[in-house]
Structure formats: structure tokens, C-alpha cells
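Numbering of residues begins at 1 and proceeds along the displayed sequence.
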Amino acid sequence: MRKALVFLGLVFGLLAATQAADELPLDRIKLPPGFSIELWARADNARQMALGRVDSAGGTLFVGSMQAGKVHAVRFDAAYKVQGVNMVASGLRLPVGVAYRNGSLYVSAVNRILRFDGIDQPQSRPSAPVVVTDKLPNDTHHGWRFIAFGPDGKLYVPVGAPCNACEPDFQRYAQISRMNPDGSGAEVFASGVRNSVGFDWQPQTRELWFTDNGRDNLGDEAPPDQLNHAPRAGMNFGFPYCHGGDLPDPEFGSRRRCDEFTPPAQKLGPHVASLGMRFYTGSQFPPEYRDQIFIAEHGSWNRSKKIGYRVSLVRVQGARAVSYEPFASGWLQGESVWGRPTDVLVLPDGSLLVADDYAGAIYRITFRR
């Protein structure tokens, strides 16, 4: 009975927190004119988000975590007001990635991809997970995984390098792989990828774009993080030999030339830790934002002067990125940090969610003319 009361207390505490917007200094967030931000929900150590079933009564947002080891479900009504937050899984190993397909929730857990069936059913706990695969590398260095289903129906799973800079087994590391929903047919889609923790497909072309974190220990200003474009399988983006398309690695750069690899579509800030990214597919924002890319920048951890800690916007024209600019900033005040964006997601009404693992929050950005 005591445990039940404690659990209920935690749930009601989370619900109360969603209403207490004054707990976080949201007035410090800078947005373009007409946009506003609110605290939408609380989720411990919030990382990747995935939208579950949405109907006329409302829907569910699933949220992975890292250190917390939990997966949360945020229930909202038809007006996109949060009605409750509950935990659907706990005790998992770095369950950062979540993906929803046909009533099932897929969760990454380092070497495993788990599937929770019947996740839409009104029950306190889902059924025991099914192991989709347990054949991924067991390393925790860059072992947390953003996952998503592509337009080809396959599950895309990145496997980061098990190091800062090294020459790993490229069939197992430093790549983005894809597999069938049951875990079969795994293959490497893109290689030379140090650590991608966010990707999406361009609505018009259905081609993959992804963020990639640059290596450390080359100074404050190098190398840049990358936004990459992979219109087909088999492309190589240069790690560990070349960074940012034109910077040879001091240790490995003599072994391969930079012009052997695909350069980034857009260089991002050095060490901004670009994570989740999505194309804006809604209609609430002005037309100039539609089909453009929003990126959650988690922020630098070893730079002498911090940068990132924001949501940036990359504008694209066809297959080209043409500009890179801040969209939402203010989680970094001088050298003080109160929030770290980890993912972005477009709700069906066209508003934009932003996950923040540092504050344990999910924000909602809306636009009014």
C-alpha cells in the first residue's frame, strides 16, 4: 500500500509540475516575433520523443531518457493539453531512442532494441518487451541510440564510434544501419558517421538527413558538428579521416583524402552537440518555416566558452542547405546553463515540442499571427 501511495504521489507531482511554468525562466527564451513557448510536461531526463496514436480524443507522446533509464508516456487531449504523465518502462540501459509503429513502441537499450506491444491499450503497465535484436555493440561510449522508421518501413539505428577518434570495425561502428521491424535484414546504410543522435527524411524527396557530432580535443573552434544528407545507401561521411568535409584528422588524416568522402550539407557550430532534428511538416508556423529543419543543440561540454544550448534552424532549398541560424535560444545565460535541448517534434496541430534532459522538461512552441 505504501509503495502504491508513493507511486501515485510521484504521478500527481508530475502533473502538478506541468502547470508550474514559473519554475523555469521561460521569459529568457528568445524566439522570432509571433512565437511563444510554454512548459508543456515534465519527464525525467527527457531525450528522444515519438508520437503514438492520435485521434479525435487526443493522443500520446513517448519520451526516452538516458541516465534515468525510463520511458515515459505523456497523454494529451484534443486541445493538446497534457492530462497525465506515466512511466511505461524503467530499469533500462540508456533507453534514449523511441519509435512508434502499428500500436507498438520500439525502444533502444544499447545492444538491444525492445518492442512493447499493445502500448495504446488503457493499462497501467504494458506487456513484457519483445527483443527485436540483441546483436548491436555493447559499448556505452556513444552507445545511446536515436531510432526511427524510415519511409521504406525499415528501422534506422545509428551505431556511434566507441571512441573519440579511432579506426573501428566499420561494419559495426561509426555508421547508421537499418533493419526490418522484426530485426532481420540488418545492413549498413551510411558509414563514416562518428555519432548521429538525430535524423529525419525530407518530405518531398523522402531522403535521409542527419546530425553528426564532431570529435573532441582539436580546440574550441574545430571541428564543426555536421548536418549530413544521404540520398542513397552506401555513402561515407569521412570519420575518422576527415572532419567537416575539409579538415584532415591529425592522427588518421594521412590515410585517406577528404575529397574521397561526402562533405556535410551544412557545417554546424563546433561542439554544439547537435542531437534530434526534424523537418517542419506543420502548417501553424509561417510558410517560410515549412519543410525546413529544426535541430536541438544540447550544448558544448568541454569548450572554454560554452555554445549551443538552443534550437537552431537550417533552411533548405531542394537538396541544398542554404542557411543556419538560431531559432530558440536562452537556455544559456553567459556561462550559466538552465536547460539543454535534446530533441524536437512537430505535433499534428503544427506546434513544435522541444525536449530538455537537463531541466526534465518538454516545451511547446506555438505561433499566433
**OP:** Kindly say whether Pro286 contributes a backbone atom to a donor-acceptor pair with the side chain of Arg369 at under 3.5 angstrom?
**Re:** no
Subject >> side chain to side chain donor-acceptor pair (under 3.5 Å), paired with Arg47, selected from Thr342, Asp343, Asp357 >> reply: Asp357
Original post:
Given side chains that start at C-beta, do those of Leu51 and Tyr100 come closer than 4.5 Å, heavy atoms only?
Top reply: no
Original post:
Passes ring pair (Phe, Tyr, Trp, His ring centres under 6.0 Å), Phe149 versus Tyr156? Steps please.
Top reply: CA-CA 6 Å; Phe149 281 95; Tyr156 284 67; 9.0 Å; no
Original post:
Does a side-chain heavy-atom distance below 4.5 Å link Arg256 with Phe261?
Top reply: yes
Original post:
Is there side-chain contact between Lys154 and Met179, with at least one heavy-atom pair below 4.5 Å?
Top reply: no
Original post:
Taking 4.0 angstrom as the limit, do Asp139 and Arg172 come out as a salt bridge?
Top reply: no
Original post:
Any idea how Trp338 and Trp331 line up, ring-wise: parallel (<30°), tilted (30 to 60°), or perpendicular (>60°)?
Top reply: tilted
Original post:
Any donor-acceptor pair under 3.5 Å linking the side chain of Gln48 with the backbone of Val98?
Top reply: yes
Subject >> SB check Arg340 Glu297 (cutoff 4.0 Å) >> reply: no
Original post:
Do Asp259 and Arg257 pass the salt bridge (Lys or Arg N to Asp or Glu O under 4.0 Å) test, and can you show the C-alpha distance, the side-chain angles, and the key distance before you say yes or no?
Top reply: CA-CA 5 Å; Asp259 61 11; Arg257 300 190 318 273; 2.9 Å; yes
**OP:** Report yes if the side chains of Val71 and Leu92 come closer than 4.5 Å at any heavy-atom pair, otherwise no.
**Re:** yes
**OP:** Would you check if Tyr289 and Pro32 make a side-chain contact, meaning some heavy-atom pair closer than 4.5 Å?
**Re:** yes
Original post:
Does one hydrophobic cluster hold both Leu31 and Tyr363, with members joined at side-chain heavy-atom distances below 4.5 Å?
Top reply: yes
Subject >> Validation row: Ile293, Leu227 side chains within 4.5 angstrom (heavy atoms) >> reply: yes
Original post:
Hey, what do you get for CD1 (Ile176) to CZ (Phe210), rounding to the nearest 0.5 Å?
Top reply: 4.5 Å
Subject >> Pairwise distance CG(Asn228) to OG1(Thr211) - rounded to 0.5 angstrom >> reply: 8.5 Å
**OP:** Walk me through it: do Asp246 and Lys267 pass the test side chain to side chain contact (heavy atoms under 4.5 Å, CB included)?
**Re:** CA-CA 11 Å; Asp246 54 13; Lys267 294 181 182 181; 2.8 Å; yes
**OP:** Indicate yes or no for a side-chain donor-acceptor contact from Tyr324 to the backbone of Arg315 under 3.5 Å, with no hydrogens or angles considered.
**Re:** no
**OP:** Sorted by first residue and then second, give each salt bridge (charged side-chain N to carboxylate O under 4.0 Å, His left out) pair with at least one member in residues 212-222; sequence neighbours left out.
**Re:** Arg194-Asp216, Arg215-Asp249, Glu221-Arg303
Subject >> Ionic contact status for Lys305 with Glu335, cut-off 4.0 Å >> reply: no
Exercise answer: donor-acceptor pairs, residues 129-138 side-chain atoms, under 3.5 Å, sequence neighbours excluded:
from   : atom 1 : to     : atom 2 : distance (Å)
Thr133 : OG1    : Lys135 : N      : 3.3
Asn138 : OD1    : Arg93  : NH1    : 2.6

Subject >> Step-by-step side chain to side chain contact (heavy atoms under 4.5 Å, CB included) determination, Arg364 to Tyr80 >> reply: CA-CA 10 Å; Arg364 182 173 175 233; Tyr80 296 93; 3.9 Å; yes
Original post:
Is there a ring pair (Phe, Tyr, Trp, His ring centres under 6.0 Å) between Phe76 and Trp40 once you walk through the steps?
Top reply: CA-CA 10 Å; Phe76 56 89; Trp40 192 65; 5.7 Å; yes
**OP:** Inspect the contact between Arg115 and Asp182 and indicate whether a charged nitrogen and a carboxylate oxygen are less than 4.0 angstrom apart.
**Re:** no
Original post:
So, are Arg232 and Glu207 salt-bridged, with charged N and O less than 4.0 Å apart?
Top reply: no
Original post:
Are any of the side-chain heavy atoms of Gln226 and Gln266 separated by less than 4.5 Å?
Top reply: no
Original post:
Is Tyr106 close to Leu114 at the side-chain level, that is, under 4.5 Å between some pair of heavy atoms?
Top reply: no
